[in-house]
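Below you'll find the structure, written out as C-alpha cells, and then a few comments.
Computed from a prediction, not measured in an experiment: that's the story for all the values here. If you read the sequence from its start, that first residue is 1, and numbering goes on from there.
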Amino acid sequence: MTTKLGFEVELPDWVHGAVDFSQSYPTDESKMAVAVSLARTNIERHTGGPFGAAVFDLETGRLLGPGINLVVPTNNPTAHAEMVAISVAANRIQSYDLGVNGPVALVTSVEPCAMCLGATPWSGVSRIVIGATDYDARSIGFDEGDKPSEWKLLLEGRGISVACDILRDDSVAVLQDYQLSNKEIYNSKQSPEETFRA
C-alpha cells in the first residue's frame with residue numbers, strides 16, 4: 001500500500017493562460033520578465049505572495065516550468081515560487097534531474113531563501129538568474145533564513161553560474177506593491193522579530 005504525499009503542485013488556472021510554452025526566451029531579461037509577471041499577477045489575482053520563478057531550457061530558451069508563491073493558499077511552507085517551478089518542470093520532463101536533457105536555468109524574481117538555495121544544486125540546474133536581492137525581501141518583512149555569505153561562490157563551485165540584479169527594479173516594485181497593499185507577510189513564529197527595513 002502506498003500513501004500519496006502532497007508533493008504535486010496545482011497551479012491556479014490563470015497561470016496556464018499567462019505563460020507560453022512554445023515561445024523562446026533567449027535572454028536573461030526576457031526570462032526574468034516572465035518571472036516578474038508571474039509574481040505581479042499572483043498578487044493581483046490574490047493567489048499567493050509576491051514571488052515568481054521559472055525554469056527554462058537554455059538551449060532552446062523555452063519555458064519548462066512556471067512557479068508562483070503558494071504558501072498561504074496551500075498551507076504549505078515549502079510552496080515557494082522556486083520550489084513550485086522546479087516541481088512543475090520536473091513533472092513536465094518526468095525527471096528529478098532538470099538537466100537530464102541539457103542545461104537549464106532557474107530564474108527567480110527574488111534571491112532564493114535558504115530553503116530554495118539548498119534545493120538549487122539538487123534540482124540539476126546549471127544557471128540561476130536573480131532579480132531582487134535578499135535585502136529587498138527582508139526590507140518588507142520576509143524571513144529569508146540563514147544562508148552562507150559565500151553562497152554564490154559555492155554554487156559556482158558546483159558549476160552553477162549566477163546572474164544577479166536582472167530587472168531588479170521591476171522585481172522590487174512587485175515587493176513594494178505587495179507591502180503597500182497590506183497583504184500578509186507570512187513568516188513562522190520562529191522568525192526573528194527584527195526586519196531589515198530600508
Side-chain angles (χ1 to χ4, degrees), residues 9-20 25 27-56 63 65-88 106-117 119-120 128-147 151 162-198:
V9 178
E10 190 169 325
L11 293 169
D13 289 338
W14 66 261
V15 175
H16 303 289
V19 297
D20 185 349
Y25 301 87
T27 65
D28 285 348
E29 289 76 13
S30 63
K31 292 175 179 72
M32 182 59 71
V34 173
V36 173
S37 177
L38 286 166
R40 179 165 294 289
T41 307
N42 199 34
I43 62 175
E44 289 171 351
R45 295 285 191 124
H46 309 287
T47 50
F51 305 94
V55 174
F56 292 89
L63 174 65
I68 53 174
N69 184 285
L70 296 169
V71 170
V72 173
T74 61
N75 292 312
N76 181 345
T78 68
H80 289 201
E82 297 94 332
M83 304 297 278
V84 172
I86 289 168
S87 297
V88 171
L106 172 62
V107 179
T108 177
S109 66
V110 179
E111 183 179 314
C113 70
M115 174 182 66
C116 298
L117 180 64
T120 299
I128 184 165
V129 180
I130 299 165
T133 67
D134 179 276
Y135 178 85
D136 298 325
R138 290 180 193 269
S139 71
I140 70 164
F142 281 103
D143 177 9
E144 297 297 282
D146 302 317
K147 299 188 295 190
W151 64 268
V162 180
C164 296
D165 297 326
I166 307 300
L167 302 185
R168 180 180 177 192
D169 290 345
D170 295 344
S171 299
V172 169
V174 174
L175 293 173
Q176 291 172 341
D177 288 348
Y178 186 84
Q179 180 186 35
L180 290 172
S181 68
N182 290 316
K183 292 185 186 296
E184 182 177 2
I185 302 293
Y186 40 90
N187 294 319
S188 78
K189 65 182 178 182
Q190 282 82 21
S191 294
E193 291 290 328
E194 69 278 0
T195 59
F196 297 81
R197 297 206 180 270

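Residues satisfying the salt bridge (charged side-chain N to carboxylate O under 4.0 Å, His left out) test with D136, not counting sequence neighbours, are R168. For the salt bridge (charged side-chain N to carboxylate O under 4.0 Å, His left out) test, no residue two or more places apart in sequence or in another chain qualifies with D20. Residues satisfying the side-chain hydrogen bond (donor to acceptor under 3.5 Å, both in side chains) criterion with T74, sequence neighbours excluded, are absent altogether. Contacts of D134 classified as side-chain hydrogen bond (donor to acceptor under 3.5 Å, both in side chains), with partners at least two apart in sequence or in another chain: R138, K147. The ring-ring contact (aromatic ring centres under 6.0 Å, His included) test applied to Y178 returns no partner, not counting sequence neighbours. Scored by the side-chain hydrogen bond (donor to acceptor under 3.5 Å, both in side chains) test, S181 finds no partners at all (sequence neighbours excluded).
Of the residues N76, N75, L70, the one that meets the side chain to side chain contact (heavy atoms under 4.5 Å, CB included) test with P73 is L70.
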- Hey, mind stepping through V34 and V107 against side chain to side chain contact (heavy atoms under 4.5 Å, CB included) and telling me if it holds? CA-CA 9 Å; V34 173; V107 179; over 6 Å; no
- Start with the C-alpha distance between F51 and V71, add both sets of side-chain angles, then the distance that settles side chain to side chain contact (heavy atoms under 4.5 Å, CB included), and finish with yes or no. CA-CA 11 Å; F51 305 94; V71 170; over 6 Å; no
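Distance check, rounded to the nearest 0.5 Å: CG of L167 to CG of D28 gives 9.0 Å. Separation of atoms OG1 (T47) and CD1 (I68) is listed at 4.5 Å; rounding is to 0.5 Å. In this structure, CE in M83 is found 12.0 Å from OG1 in T108, a value given to the nearest 0.5 Å. Rounding to the nearest 0.5 Å places CZ of F142 at 9.5 Å from CD of Q179. To the nearest 0.5 Å, atom CG of residue L106 and atom NZ of residue K31 are 12.5 Å apart. One finds the CG atom of L38 at 8.0 Å from the CG atom of L63 (value rounded to the nearest 0.5 Å).
Among all heavy-atom pairs drawn from H80 and C113, the shortest one is ND1-SG, 3.3 Å. In this structure, I185 and G141 approach most closely via the heavy-atom pair CG2-O, 3.3 Å. Nearest heavy-atom pair across L175 and I140 is O-CD1, 3.5 Å. Of all heavy-atom pairs spanning I130 and P112, the tightest one is CD1-CD, 3.9 Å.
Distance alone, capped at 3.5 Å, places no donor-acceptor pair between the N42 side chain and the P50 backbone. Counting only distance, with no hydrogens or angles, the side chain of S171 and the backbone of V110 share no donor-acceptor pair below 3.5 Å.
T41 and W14 form no side-chain donor-acceptor contact under 3.5 Å, judged by distance and modelled atom types alone.
Taking a cutoff of 4.0 Å between a charged side-chain nitrogen and a carboxylate oxygen, R40 and D170 do not qualify as a salt bridge.
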